[in-house]
Amino acid sequence: MTRTLIAALLLFSLGAHADERLEGAWERVSLTNTRTGESPEAANRRGLLIMAHGHYSMMTMNPDRRFIPDDEVVALSADEQIDYFREWLDINGHSGRYEADGESLTWYRDISENPREVDTVSTLGYEFRDDRLVIYFTLPNGDRYDWVWQRIN
């Protein structure tokens, strides 16, 4: 009885939380609304997803974000400052622990660029198409988005 319980717990702890195919570094390819074929992001958006040992870190951003030194920002008009900060803040980044079972990927956000997302949990679907990782999610309006990642060798 004890051996059976220990074996069952060991199998659960090894199998339920890891999909070794996810391990490694991934480069963002695209984010596409599967109904419309359109992307809500700039075509040149860049991203990096690293998954290892049950932890992940992900960030995407537009590479043409510009940096303006503080003393130059204060010289901008209020409207120009707002435009600059909107551009500067257009990033998506979070990290924490993850679990995956071959179909569902669960992110436990410990850190996020969005303070409201700290300590939240997201469960997404995922699959592999050829040599790419596709993470997908559906919004409340029913639109599905496919987030495509290419492994970095």
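For reference, positions follow the sequence shown, starting with 1.
Using modelled atom types, no side-chain atom of Glu99 and backbone atom of Gly54 make a donor-acceptor pair closer than 3.5 Å. No donor-acceptor pair closer than 3.5 Å links the side chain of Asn62 to the backbone N or O of Asp64. The backbone N or O of Asp90 lies less than 3.5 Å from no partner atom in the side chain of Arg65, so there is not a single donor-acceptor pair. Not a single donor-acceptor pair under 3.5 Å links the side chain of Tyr84 to the backbone N or O of Val73. With hydrogens and angles disregarded, a donor-acceptor distance shorter than 3.5 Å links the side chain of Tyr126 to the backbone of Gly102. Remark: side-chain polar atoms of Glu80 are paired, donor with acceptor, to backbone N or O of Ser77 under 3.5 angstrom. Formation of a donor-acceptor pair under 3.5 Å by the Glu38 side chain with backbone atoms of Asn33 is not found in this model. Between the side chain of Thr32 and the backbone N or O of Gly37, no donor-acceptor pair lies under 3.5 Å.
Counting all heavy atoms, side chain and backbone alike, Arg116 lies closest to Thr120 at O-CG2, 3.6 Å. Closest approach of Trp149 and Met58 over heavy atoms only: CH2-CG, 3.9 Å.
Residues Val29 and Tyr56 fall into different hydrophobic clusters, defined by Ile, Leu, Val, Met, Phe, Trp and Tyr side chains chained together at heavy-atom separations under 4.5 Å. Cluster annotation: Val134 is not connected to Ile152 through the hydrophobic network of ILVMFWY side chains, with a link wherever side-chain heavy atoms come within less than 4.5 Å. At a threshold of 4.5 Å between side-chain heavy atoms, the hydrophobic network of Ile, Leu, Val, Met, Phe, Trp and Tyr places Met61 and Phe85 in two separate groups.
Met59 places none of its side-chain heavy atoms less than 4.5 Å from the side chain of Arg46.
No more than 12 heavy-atom neighbours from other residues, nucleotides or ligands sit within 6.0 angstrom of CG on Asp70. Few gaps surround CD on Glu72; more than 12 heavy atoms of other groups in view lie less than 6.0 Å from it.
Salt bridge absent: Asp146 and Arg132 never bring a charged side-chain N and a carboxylate O closer than 4.0 Å.
Residues Arg144 and Thr34 bring no donor and acceptor atom of their side chains to less than 3.5 Å of each other.
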